[in-house]
S.K.: 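Encoded as structure tokens, here's the structure I'll be asking about.
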Amino acid sequence: MSLALYRKYRSKSFKDVVGQEHITKTLQNSVDNNTFSHAYLLTGLRGVGKTSVARIFASYVNGIQYEQTENNPDIIEIDAASNRKIDEIRDLREKVNIAPSSLSYKVYIIDEVHMLTREAFNALLKTLEEPPKHCIFILATTDYHKLPETIISRCIRFSFRSISSEDMIEHLKKIASKEKIKTDEEALRTITENSSGSLRDAIAILDQARNLSDQISSSNIELLLGLANKKNITDLYNLIDSNDAQGIISKLEAMRNAGVNSEKAIIQFSKLIRHKIASGSASKHLLSLLTEIMNIENYSDKWLAFEVCLLKHVSSPVSSPQPEPQDNEPIIEIEKIGPDKNTDNQINHEPPASDPKAGNDSGLWQKVLDELKTSNSTLYGVARMADVGINKDSLELRLKFNFHKKQLDMKRNRLRIIEIINKHNSKITSVDTVIIKEETFEEPDKKYDSSKDISNISNVFGSAEMLE
């Protein structure tokens, strides 16, 4: 059995540590000047070198090689996640007074120290205040804010940084060269972009990818991590600019069927928008889209929430005109979906002030949308896709897609719409939702074939929706 790459290439000296020069230089000087402390606190993300630095420091203060720290009785590593109770800390307190057997200093490395119980912290506190001269404590944690202030104040704290992409790429190149792994710059950059600043995670991805293909490419990494192809993310952005609602639905469905992870696809798309905004090449309305995307994590069905967010922004005033529909293709209009163009009591989303057909209720639905936009952005995204009509005391919402109807049929959403309407028009007491069928383009001499409607619906919603 071969050794995992992240273990094989673990740093064994301060000069081997990647991206933490502000820490390694300080600790090296403290060893050289014999001015090191009795307690240290190492904080930062996982996989950035906290435990490695602790072991290296333990070897330096005792003047031994890194390899000699392994299984040495005077260098004790404790996993606080599995030894978190007060009994374990009491046992530690009893043993710290025993002099080291072979080294100058007994070093205790307590990993994930934030996992200790309150009672265990209280037991450890006295030892940290007045430790024996031959003892050094090194506490490491990824959740610094969970530590009591009394513990933090008795340690010298070092904050580890996220490792930059450039530093990671250079390190991965060295490992790939030594291991004779064939790869390229783009693949390594894809790895670093998806390792969250953790060098250990980046090396683990490289280790896993080398068993996937003889030549590691960016597409291999995307397949391995469940990422969306970069071209698909760019295409998704372009579909918003071209106001192609059906294209957005189809693209997202294809990504989902390909096994793309929804959270990672959303992160990829967010990064693209940020880049476009920073370069000044994005429409202003996409800044609000980026804000809405940040709230998707609150929803269980992230694909649906992502879809709604994108569909809300396909009708920007600065968008390019829609292409003419081809024969035998369903007509999908973004701002005006309903087929009843001549209905006298129909309400447009933004009716012109001079429209004689608008009547006294012309601004009612727009008032509903305005309030939903500030109070419930997801419901607003669905509601704005509806074409609206008023029939006596009933509000009729005409929708093109069934998943929009499901959202508006939810009791809390229906009551919320009625609540807003009652603020402006007490006559409306109920809300009805209906689905508008696609227009068909049959030849006069041909019989109606219902399978074409099914085919059109399947193209828009995908097979998963049809099964429901």
Side-chain angles (χ1 to χ4, degrees), residues 243 245-246 248-249 292 299 301 303-316 322 330-352 355 357-440 453 456-457 460-462 465-466 468:
N243 286 332
Q246 185 173 356
I248 290 173
I249 295 173
E292 292 166 12
Y299 297 88
D301 190 341
W303 276 120
L304 177 59
F306 188 34
E307 189 172 271
V308 171
C309 280
L310 299 185
L311 290 176
K312 285 170 58 179
H313 290 265
V314 296
S315 55
S316 168
Q322 285 283 358
I331 298 177
I332 298 180
E333 298 181 11
I334 304 305
E335 284 296 329
K336 191 67 175 174
I337 296 178
D340 299 331
K341 307 277 184 187
N342 299 322
T343 304
D344 289 344
N345 62 354
Q346 186 171 337
I347 299 176
N348 295 329
H349 291 182
E350 295 183 1
D355 186 356
K357 298 180 181 180
N360 295 330
D361 294 321
S362 61
L364 175 59
W365 186 241
Q366 187 58 46
K367 291 177 182 178
V368 175
L369 293 177
D370 289 342
E371 185 159 342
L372 288 177
K373 189 173 183 179
T374 58
S375 62
N376 190 328
S377 60
T378 301
L379 179 56
Y380 164 76
V382 177
R384 75 189 296 267
M385 306 301 291
D387 181 47
V388 183
I390 297 178
N391 184 9
K392 295 182 180 180
D393 59 352
S394 177
L395 184 73
E396 185 178 88
L397 303 179
R398 303 165 188 148
L399 300 155
K400 179 70 84 173
F401 303 132
N402 190 47
F403 62 85
H404 289 161
K405 183 178 185 301
K406 287 181 180 179
Q407 292 293 313
L408 294 180
D409 281 343
M410 294 176 66
K411 184 177 179 180
R412 66 174 182 272
N413 290 341
R414 187 185 296 268
L415 292 177
R416 177 56 179 153
I417 292 174
I418 293 177
E419 178 187 357
I420 298 173
I421 290 173
N422 287 340
K423 294 181 181 179
H424 308 286
N425 187 333
S426 60
K427 296 178 182 179
I428 303 299
T429 59
S430 64
V431 176
D432 298 321
T433 58
V434 296
I435 292 292
I436 300 172
K437 294 182 178 180
E438 299 282 2
E439 295 183 31
T440 58
D453 273 350
N456 287 337
I457 294 172
V460 173
F461 301 114
E465 186 68 28
M466 292 297 295
E468 292 182 8

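The structure presented is a predicted model; accordingly, all values stated were derived computationally and were not measured.
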S.K.: A side-chain contact here means heavy atoms from C-beta on lying under 4.5 Å apart; do V382 and N413 qualify?
M.R.: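 Of all side-chain heavy-atom pairs linking N413 with V382, none is under 4.5 Å.
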S.K.: What's the separation between atom OG1 in T374 and atom CG in L369, rounded to the nearest 0.5 Å?
M.R.: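 With rounding to 0.5 Å, OG1 (T374) is 11.0 Å from CG (L369).
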S.K.: Measuring from I421:CD1 to E371:CD, what's the distance to the nearest 0.5 Å?
M.R.: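 Those atoms lie 11.0 Å apart.
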S.K.: Who are the side-chain hydrogen bond (donor to acceptor under 3.5 Å, both in side chains) partners of D409, not counting sequence neighbours?
M.R.: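 Expected list: K405, R414, T433.
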S.K.: With heavy-atom distances below 4.5 Å as the criterion, would you say the side chains of V308 and Q407 are in contact?
M.R.: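 Answer no - side chains too far apart.
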S.K.: Locate the shortest heavy-atom distance separating H313 from R384; write the atom from each residue and the value.
M.R.: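 Minimum heavy-atom separation between H313 and R384: N-NH1, 4.3 Å.
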S.K.: To the nearest 0.5 angstrom, please state how far the CD1 atom of I417 sits from the CG atom of L372.
M.R.: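 Nearest 0.5 Å value for the CD1-CG distance: 6.0 Å.
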S.K.: Any idea which heavy atoms bring R416 and L379 closest together, and the distance?
M.R.: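 Here R416 and L379 meet closest at CG-CD2, 4.2 Å.
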S.K.: State the NZ-CG distance between K406 and L399, to the nearest 0.5 angstrom.
M.R.: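 Reported value, rounded in 0.5 Å steps: 13.0 Å.
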S.K.: Taking the side chain as every heavy atom from C-beta outward, state whether L397 and D432 have any atom pair closer than 4.5 Å.
M.R.: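 With C-beta onward as the side chain, the pair stays apart.
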S.K.: Which pair of non-hydrogen atoms, one from Y380 and one from K312, has the smallest distance, and what is that distance?
M.R.: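 Between these two residues, the closest heavy atoms are CD2-CE, 3.5 Å.
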S.K.: Identify, with sequence neighbours excluded, every residue that meets side-chain hydrogen bond (donor to acceptor under 3.5 Å, both in side chains) alongside E307.
M.R.: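 For E307, no residue satisfies side-chain hydrogen bond (donor to acceptor under 3.5 Å, both in side chains) once neighbours in sequence are set aside.
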S.K.: Which heavy atom in W365 sits nearest to a heavy atom in A383, and how many Å separate them?
M.R.: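 Closest approach of W365 to A383, heavy atoms only: CZ2-O, 3.5 Å.
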